[in-house]
Chemist: 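Dumping the structure here so I can ask a few things about it.
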Amino acid sequence: MYYLVDTNVFLHSICDEIFTVANLCKENNQDVTITETILNELEPGYYLEIEDEAAKEVYNAVHNLTFGTMGIQIIRLVKLEEIPGAKEELRKIRQRFYGWMRDVDYLKMLISQGVITENDIKKKSFRNKDMGECELIAIAKVSSDEHQIVTNDKGRVFLHPEQNLFDEYASEIGLTVLNSDEWLRKIGHVK
């Protein structure tokens, strides 16, 4: 079993226990798994306007445990191109839920309504909103029950909260999405 862990879980649920949780999973042949996007989202400055020391510690811990920088490699990094069908599935998910981000007329309408600004659209993170969640869904969809997603994100599509990524795929493919508390209980981690 692979647990596809979302950015928010590292930042808000296990920030002080990343090694403990990842090691517990590893000992039980259940890998904590991330994508390159998740790792990038953890990097200070990606979401945060100013560098946050706590976020930097989380990024460093995940990076070191992913690449074995400190001699221990217990977080698994997956690349979409290495999983047959994952990149194509990601493309479909992004088009289905985020295709509006390329619609100039729609973006102009959102700006005129004050929903977003031109500066929002120019930010590096704008077009990548919810990319981590989309990648996790794409991997889980093409991997048939090998992966479960762990996130505290509610799955609402950016600027379109009536649409929910996780609900759509949970009913469509039986996607399993655990919040961090459910996951920690499931793996036997007691705080």
Side-chain angles (χ1 to χ4, degrees), residues 1-42 47 58-59 61-62 65-66 73-99 128-191:
M1 171 65 59
Y2 299 112
Y3 293 110
L4 295 162
V5 181
D6 196 6
T7 307
N8 55 55
V9 174
F10 289 111
L11 289 174
H12 306 296
S13 298
I14 63 170
C15 56
D16 296 327
E17 303 177 287
I18 295 168
F19 172 79
T20 303
V21 171
N23 194 50
L24 179 62
C25 287
K26 192 69 157 175
E27 288 174 351
N28 292 307
N29 295 318
Q30 302 169 327
D31 289 345
V32 169
T33 304
I34 62 170
T35 64
E36 290 175 322
T37 297
I38 299 295
L39 186 60
N40 291 339
E41 289 176 353
L42 288 170
Y47 285 122
V58 170
Y59 170 78
V62 173
L65 294 172
T66 301
Q73 187 175 1
I74 55 175
I75 295 179
R76 179 176 169 256
L77 178 72
V78 293
K79 297 181 180 183
L80 266 65
E81 54 273 359
E82 294 173 357
I83 301 171
K87 278 195 84 120
E88 176 62 23
E89 194 55 46
L90 175 63
R91 190 193 61 70
K92 290 177 191 175
I93 293 167
R94 293 303 289 183
Q95 179 57 40
R96 178 176 172 186
F97 293 100
Y98 299 91
N128 290 327
K129 288 286 188 194
D130 304 328
M131 183 66 80
E133 289 89 350
C134 293
E135 286 182 350
L136 301 182
I137 292 168
I139 291 167
K141 185 170 182 184
V142 300
S143 300
S144 61
D145 293 340
E146 279 184 8
H147 297 87
Q148 293 183 354
I149 295 174
V150 182
T151 184
N152 290 330
D153 190 295
K154 303 297 184 212
R156 292 183 200 102
V157 174
F158 176 63
L159 296 183
H160 295 81
E162 71 284 354
Q163 293 181 310
N164 188 296
L165 293 166
F166 297 135
D167 290 348
E168 293 277 337
Y169 287 94
S171 60
E172 192 176 301
I173 62 168
L175 178 67
T176 301
V177 180
L178 305 168
N179 69 40
S180 60
D181 291 336
E182 293 170 321
W183 175 53
L184 292 172
R185 277 193 302 276
K186 185 175 180 175
I187 64 172
H189 178 70
V190 181
K191 286 188 173 186

Chemist: Is a side-chain N or O of Gln73 found less than 3.5 angstrom from the main chain of Thr66, in a donor-acceptor match?
Modeler: yes

Chemist: If you look at every heavy atom in Ile83 and Ser143, which pair is closest and at what distance?
Modeler: CG2-OG, 4.2 Å

Chemist: Just wondering, do Ile14 and Leu184 contact through their side chains at under 4.5 Å, heavy atoms?
Modeler: yes

Chemist: Using side-chain heavy atoms (C-beta onward) and a distance below 4.5 Å, is Asp31 in contact with Lys26?
Modeler: yes

Chemist: Would you call Val5 and Ile38 a side-chain contact if the rule is heavy atoms closer than 4.5 Å?
Modeler: no

Chemist: Would you say that Ile75 contacts Ile18 through its side chain, given a criterion of any heavy-atom pair below 4.5 Å between the two side chains?
Modeler: yes

Chemist: Can you tell me how far the CD1 atom of Ile137 sits from the NE2 atom of His147, to the nearest 0.5 Å?
Modeler: 13.5 Å

Chemist: Without hydrogens or angle criteria, can the side chains of Ser13 and Asn152 be said to hold a donor-acceptor pair below 3.5 Å?
Modeler: yes

Chemist: Suppose we screen for side chain to side chain donor-acceptor pair (under 3.5 Å). Which residues come up paired with Thr151, at least two apart in sequence or across chains?
Modeler: Asp6, Asn8

Chemist: Is there a side-chain contact between Tyr98 and Cys134 in this structure, where contact means two heavy atoms from C-beta onward sitting under 4.5 Å apart?
Modeler: yes

Chemist: To the nearest 0.5 Å, tell me how far His189 NE2 sits from Ser180 OG.
Modeler: 10.0 Å

Chemist: Looking only at non-hydrogen atoms, find the nearest pair between Ile93 and Ala138 and report the distance.
Modeler: CD1-N, 3.7 Å

Chemist: What is the distance from atom CG of Asp130 to atom CG of Asp153, rounded to the nearest 0.5 Å?
Modeler: 6.0 Å

Chemist: Please round to the nearest 0.5 Å and tell me the distance separating atom CG of Asn128 and atom CD of Glu135.
Modeler: 9.0 Å

Chemist: Measuring from atom OG1 of Thr33 to atom CD1 of Ile139, what distance do you get when rounded to the nearest 0.5 angstrom?
Modeler: 8.5 Å

Chemist: For a 4.5 angstrom cut-off between non-hydrogen side-chain atoms, does Ile187 reach Asn28?
Modeler: no

Chemist: Can you see which heavy atom on Cys15 is nearest to which on Val58, and at what distance?
Modeler: CB-CG2, 3.6 Å

Chemist: So, Glu168 versus Asn164: side-chain donor-acceptor pair below 3.5 Å or not?
Modeler: no

Chemist: Leu80 and Glu89: side-chain contact (heavy atoms from CB on, under 4.5 Å), yes or no, with the steps?
Modeler: CA-CA 10 Å; Leu80 266 65; Glu89 194 55 46; over 6 Å; no

Chemist: For a quick test of reading the model, state the closest non-hydrogen atom pair linking Lys79 to Glu36 and the distance between them.
Modeler: CE-OE2, 3.4 Å

Chemist: Tell me, do Trp183 and Val9 make a side-chain contact under 4.5 Å, heavy atoms counted?
Modeler: yes

Chemist: Rounded to the nearest 0.5 Å, what separation is found between the CZ atom of Arg156 and the CD atom of Gln163?
Modeler: 13.0 Å

Chemist: Check the surroundings of atom NZ in Lys186: do more than 12 heavy atoms from other residues, nucleotides or ligands lie under 6.0 Å from it?
Modeler: yes

Chemist: Does some side-chain heavy atom of Leu136 sit less than 4.5 Å from a side-chain heavy atom of Tyr169?
Modeler: no

Chemist: With no hydrogens and no angle check, is any side-chain donor or acceptor of Glu182 less than 3.5 Å from a backbone partner on Asn179?
Modeler: yes

